[in-house]
K.L.:
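Structure incoming, see below.
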Amino acid sequence: MEALNSSSSEIQAIGNGSETDLKVPVFSSSLELLEKLHEKWSLVNKKPYPAMYSSVFGGIITDPAMMVIPIDDHMVHRGHGVFDTAIILNGYLYELDAHIDRFLRSASKAKISPPFPRSILRSILIQLTAVSQLKKGTLRYWLSAGPGDFLLTPAVNANSAFYAVAIDDDFSQCKEGVKAITSTIPMKTPQFATMKNVNYLPNVLAKLEAEEKGAFASIWVDEEGYIAEGPNVNVAFITNEKELILPSFDKILSGCTALRLLKLAPKLVKEGKLKSVGTANLTVKEAKDAAEMMFVGSTLPLLPIISWDEEPIGDGRVGELTMALSDLLWDDMVSGPETERIPVSYTE
C-alpha cells in the first residue's frame, strides 16, 4: 500500500524543495491517469479491496484503480453520509439484516433517501461479497447525499449515492486483555451518537488519544457522569454479583453485536453462571469496581479489558465469564441460526 502514497514524494523530488522549481504533473486524459494508477497498484501484491459497488457507476468494480468517489459528493466535502458494516466469515454474512436495518435508521435521521429499496441494497451487498470471493473479511457500505456541487445542502434534483466495498480483513476471537483509558475528547451529542454517520473525527481523536497512552481504546463518559461507549465499540461489565450490564443505548450507538450479546447471554443465566443480563446507567466508580470488563464489536466480538486508567479491573486478568460470553458470540458467528448467517453463493 505504500506505493499508493508516493505522489507527494514525487512532487517533492521534482521541486527539490523549491517552490519556484515545482512542476505539478497534469493528466489531460483519463487513459493517462489510469495508466499511472495501474502502475501504482501493480506494486501491491494482494488486493486489500477485491470488489466495490458504486451506484454512480451502476455496478461492481474489481479494478482497484477505479474504486473512487466523486470529489463533489456531499459525503466527501460536507460529511453528509452514513455507513455500516457486516462480517464475512466462512462464506456467510453475519448479522447483515440487523446492520442494514440500523443503516436505514441512520439514513432517515440524516435525511438521506436511499436510491434503492432495502431488498435491492441487500442483494447488492450479497452479490458484491460473491464477486469478491472473500470467505473471510468485512463489508463496509455508505449512503451519501450524493454528488452535484460544493454547497452545504444537496444539489437540486441530486440523487443519493450508495457505495460498498469488500475488505480482505483477517480477524479472530480475542483472548488477550487490553488497556483502556477515559477519553478527554468531548463525545457526540445523542442526536449524532445514535446514528452511524461519517463524522468520525471525535472517534478518531479518542482512539489516537488512547494509542498515544499505550491503550487499545478510550471510553467516553457522558455529561451526567455515566459510562457511554468507546470510539467504535460498545463496552460491557460483569459486576461482582455476576450481573452482565451494558450502558443504556439512549445516548449512544446501539451496537448490533452488543444487542446480539444481550440476546445470547441469558443462556449463561440459565446455566447459573450469570445472575442477570441487562442495560443500565453506570457511574465511573460503579464501572471501575466491576469484576470484569470488555469491549464489544463486530470483529472482536469481545475484547477483554484488564486495565482502565492504569488501574486493574478485577484481578487484572481476563475473566472466565468474559470468555464464556465471547465463546457464545463466536459460536453464533460460526454456526448460528440462518436468521443471523446468510450464505453467499460464490461463482468461479
K.L.:
Does the plane of the ring in Phe295 sit parallel, tilted or perpendicular to the ring in Phe216? Use 30° and 60° as the thresholds.
P.N.:
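Tilted, since the angle between the ring planes falls between 30° and 60°.
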K.L.:
Under a 3.5 Å threshold, yes or no: a donor from one side chain and an acceptor from the other, between Asn232 and Tyr200?
P.N.:
no
K.L.:
Asp168 and salt bridge (Lys or Arg N to Asp or Glu O under 4.0 Å): which partner among Lys136, Lys46, Lys135?
P.N.:
Lys46
K.L.:
Do Ile126 and Leu104 share a hydrophobic cluster, counting only Ile, Leu, Val, Met, Phe, Trp and Tyr and linking them when any side-chain heavy atoms are less than 4.5 Å apart?
P.N.:
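Yes, one cluster joins them.
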K.L.:
Under 3.5 Å, is there a donor-acceptor pair linking the side chains of His80 and Asp73?
P.N.:
no
K.L.:
Sort out for me which residue in Leu303, Leu300, Leu302, Ile219 forms a side-chain contact (heavy atoms from CB on, under 4.5 Å) with Val233.
P.N.:
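With Val233 as partner, Leu303, Leu300, Leu302, Ile219 yield a single side-chain contact (heavy atoms from CB on, under 4.5 Å), made by Leu300.
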K.L.:
Carefully, step by step, assess Phe83 and Phe103 under the rule ring pair (Phe, Tyr, Trp, His ring centres under 6.0 Å).
P.N.:
CA-CA 6 Å; Phe83 78 103; Phe103 180 61; 8.7 Å; no
K.L.:
Check whether the side chains of Asp327 and Gln173 place a donor and an acceptor atom closer than 3.5 Å, and report yes or no.
P.N.:
yes
K.L.:
Does any non-hydrogen side-chain atom of Leu259 lie less than 4.5 Å from one of Phe249?
P.N.:
yes
K.L.:
Just by distance, with hydrogens left out, do Ser123 and Gln127 show a side-chain donor and acceptor under 3.5 Å apart?
P.N.:
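Indeed, the side chains of Ser123 and Gln127 share at least one donor-acceptor pair under 3.5 Å.
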K.L.:
Just by distance, with hydrogens left out, do Glu209 and Ser218 show a side-chain donor and acceptor under 3.5 Å apart?
P.N.:
no
K.L.:
When the aromatic ring centroids of Tyr141 and Tyr163 are compared, is their separation below 6.0 Å?
P.N.:
no
K.L.:
Is a side-chain donor-acceptor pair under 3.5 Å present for Asn197 with Lys109?
P.N.:
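There is no such pair between these side chains.
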K.L.:
Once the angle between the rings of Tyr53 and Phe162 is folded into 0 to 90°, is it parallel (under 30°), tilted (30 to 60°) or perpendicular (over 60°)?
P.N.:
tilted
K.L.:
Tell me every residue that passes ring pair (Phe, Tyr, Trp, His ring centres under 6.0 Å) with Tyr92, counting only those two or more places apart in sequence or in another chain.
P.N.:
none
K.L.:
Starting from the C-alpha separation in whole Å, work towards a yes-or-no answer on side chain to side chain contact (heavy atoms under 4.5 Å, CB included) for Ile313 and Met293.
P.N.:
CA-CA 7 Å; Ile313 296 297; Met293 178 179 175; 3.7 Å; yes
